[in-house]
Structures are given as C-alpha cells and as structure tokens.
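Notes follow once the structure below has been shown.
None of these values were measured; they are calculated from a predicted model.
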Amino acid sequence: MAVLPIVRMGNPVLRRVADPIPVAGGFDEGLRQLATDMVETMFDAPGIGLAAPQIDVSRRIIVFRVPPERASGDPGDAPMGPQVLINPEFVPLGDEKVLGWEGCLSIPGLRGVVPRYRRIRYRGYDLDGNLVEREAANTHARVIQHELDHLDAVLYLDRMDGLATLTYTEEQKFFGPDVLATAR
C-alpha cells in the first residue's frame, strides 16, 4: 500500500473527463492496487472520498466512506466503511436539492456551500466485477455526487451558486448556522 500525492486545482488532469475502465474480462491486480492505494490516500489526507483524477490517474474509479459522525441515520445515509466504485453513475431521485458545506482534497484549505441532490440512486462495479446499485441520501449522496463530478472534470466551485460562501476552512466559524438556509 502507498499514500499517493494528491494533485491540486490547476492540474489539467482535474479538467479532463476520466476514461472508462473496461469491465469485460474482470479487473486486474493493477486496478486492485490502485484502489487500495486510493483508500489509504483518502484516510491519510484525511477525507471521505477520492477520485482517481485527484491522484493524476484519468480513470473512472472512486473510493469513499460515510463516517459515523457524518451519517444522518436517514434511509440511505448510514455509516459505511471504505467502498470502491468503478465506472460509477447516478440519477437523482426527485428534484430536491439541499445546500451543504463541501471541501476538496484538491482544493486544500477552502470550503463552500454547494447545492446537491438530497437523494440519488447510483451504480457501478466493485473490484470483483459485481454490479453495485444503491440508493443514497444526505452525506452518502453528497460524497457520491462530489466524486463523480471529478470523473467529469467538474470541481465543487463550479457547482456553487456564487462565491459569497467560499471561505478558508478556519474562517468558516464566522458563518452562522443559518447560512445553509440563506445561501441562495
């Protein structure tokens, strides 16, 4: 296992749509090692998600987790240990979007308020080539959407309604709890 360097905003790999991974014939040991290294890198950062472009690999693979302290307990938002998804995609379950604070390992030190679908259904493949299909809500849904954006060359800054809530992490304390209700 290895902790890999995380590229930062400005690196062209973050603005390139990632290449799909061939599913036919299964996945090789190199992909398994990549996934293992990505999980280790995610924990070391520390983060709750990581997409391959963030480690300068333009392939459609993400890793993520839902820590107990971030899970709401709502259906689709329970704590989850590290997960790997290959060629993931999602569809919203309804039109409801919610505002939430997001940061990014490729944009260290900054956070902003981002609208995301509250509930989604996603699918992708695990490392054994099995199709994984789940419904997700809240933090679980947000991390999936954030990481899939990386595969499509989108950063959370591109999703913000404006830059009024973009802040350095240590200055976020100056935003009151009502910022999520009034950010639009």
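Side chains of Met9 and Leu157 form a contact here, defined as non-hydrogen atoms less than 4.5 Å apart. Contact of the Leu85 side chain with the Tyr122 side chain is registered, since non-hydrogen atoms from C-beta on lie closer than 4.5 Å. With a 4.5 Å cut-off on side-chain heavy atoms, Leu151 and Val17 do not count as touching. With contacts defined as side-chain heavy-atom distances shorter than 4.5 Å, the pair Ile48/Glu147 does not qualify. The shortest distance between side-chain heavy atoms of Pro5 and Ile55 does not fall below 4.5 Å. A 4.5 Å side-chain heavy-atom check between Arg111 and Tyr168 finds every atom pair outside the cut-off. Looking only at side-chain heavy atoms (C-beta outward), Asn87 and Ile61 stay at 4.5 Å or farther from each other. The shortest distance between side-chain heavy atoms of Glu96 and Arg118 falls below 4.5 Å.
Ile107 and Leu163 fall within the same hydrophobic cluster, defined by Ile, Leu, Val, Met, Phe, Trp and Tyr side-chain heavy atoms under 4.5 Å apart, directly or through other members. At a threshold of 4.5 Å between side-chain heavy atoms, the hydrophobic network of Ile, Leu, Val, Met, Phe, Trp and Tyr places Leu31 and Leu131 in one connected group. Leu110 is connected to Val114 through a chain of hydrophobic side-chain contacts under 4.5 Å among Ile, Leu, Val, Met, Phe, Trp and Tyr, so both are in one cluster. Under the 4.5 Å side-chain contact rule for hydrophobic residues, Leu14 and Val154 do not share a cluster.
For the atom pair Leu34 CG and Leu4 CG, the distance stands at 7.5 Å (nearest 0.5 Å). Note that CG of Asp126 and CZ of Phe27 are 8.0 Å apart. Values are rounded to the nearest 0.5 Å. Here the CZ-CG distance, from Arg15 to Asp158, works out to 4.0 Å after rounding to the nearest 0.5 Å. With rounding to the nearest 0.5 angstrom, the CG atom of Asn130 is 11.5 Å from the CD atom of Glu133. Distance check: Asp77 CG to Arg142 CZ gives 11.0 Å after rounding to the nearest 0.5 Å. For the atom pair CD1 of Ile21 and CD1 of Ile86, the computed distance is 5.5 Å after rounding to the nearest 0.5 Å.
The ring pair (Phe, Tyr, Trp, His ring centres under 6.0 Å) search around Tyr125 returns none, not counting sequence neighbours. When the side-chain contact (heavy atoms from CB on, under 4.5 Å) test is applied to Gln145, the partners found at least two apart in sequence or on another chain are Phe90, Arg116, Tyr117, Ile120, Ala141. With sequence neighbours excluded, the residues satisfying side-chain contact (heavy atoms from CB on, under 4.5 Å) with Leu93 are Arg119, Arg121, Glu135.
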Residues Tyr156, Leu166; criterion side chain to side chain contact (heavy atoms under 4.5 Å, CB included); working and verdict: CA-CA 11 Å; Tyr156 80 84; Leu166 183 64; 3.9 Å; yes

Could you check Phe174 against Val179 for side chain to side chain contact (heavy atoms under 4.5 Å, CB included), going step by step and ending with a plain yes or no? CA-CA 10 Å; Phe174 294 114; Val179 71; over 6 Å; no

Mind running side chain to side chain contact (heavy atoms under 4.5 Å, CB included) on Arg60 and Asp19 for me, showing each step along the way? CA-CA 6 Å; Arg60 296 188 79 80; Asp19 298 325; 5.8 Å; no

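Ala71 and Val66 get closest at one heavy-atom pair: CB-CG1, 3.8 Å. Pro108 and Leu105 get closest at one heavy-atom pair: CD-O, 3.9 Å. Of all the heavy atoms in Asn138 and Ser72, the pair that sits closest is ND2-OG, 2.9 Å. Across all their heavy atoms, Lys97 and Pro115 have their closest contact at CD-CB, 4.5 Å. Shown here for Ala137 and Pro75, the closest heavy-atom pair between the two residues is CB-O, 3.5 Å. Nearest approach of Ile62 to Ala51, heavy atoms of both residues: CG2-CB, 3.9 Å.
Counting only N and O atoms by type, the side chains of Arg134 and Gln83 include a donor and acceptor under 3.5 Å apart. If you check the side chains of Ser106 and Gln54, you find a donor sitting under 3.5 Å from an acceptor.
Formation of a donor-acceptor pair under 3.5 Å by the Thr165 side chain with backbone atoms of Gly112 is not found in this model. A distance-only check finds no donor-acceptor pair linking the side chain of Asp44 to the backbone of Val3 [under 3.5 Å]. Remark: side-chain polar atoms of Thr169 are paired, donor with acceptor, to backbone N or O of Gly109 under 3.5 angstrom. With hydrogens and angles ignored, the 3.5 Å screen pairs a side-chain donor or acceptor of Thr139 with a backbone N or O of Arg70. In this structure, Asn11 contributes its side chain and Val13 its backbone to a donor-acceptor pair below 3.5 Å.
Atom CZ of Arg8 is surrounded by 12 or fewer heavy atoms from other residues, nucleotides or ligands within 6.0 Å. Around CG of Asp95, the count of heavy atoms belonging to other residues, nucleotides or ligands within 6.0 Å does not exceed 12.
Of the candidates Leu127, Thr36, Val132, Leu127 is the only one forming a side-chain contact (heavy atoms from CB on, under 4.5 Å) with Val84.
Taking the centre of each ring, Phe64 and His140 come in below the 6.0 Å mark.
Between Asp149 and Arg159 there is a salt bridge, with a side-chain nitrogen of the basic residue lying less than 4.0 Å from a carboxylate oxygen of the acidic one.
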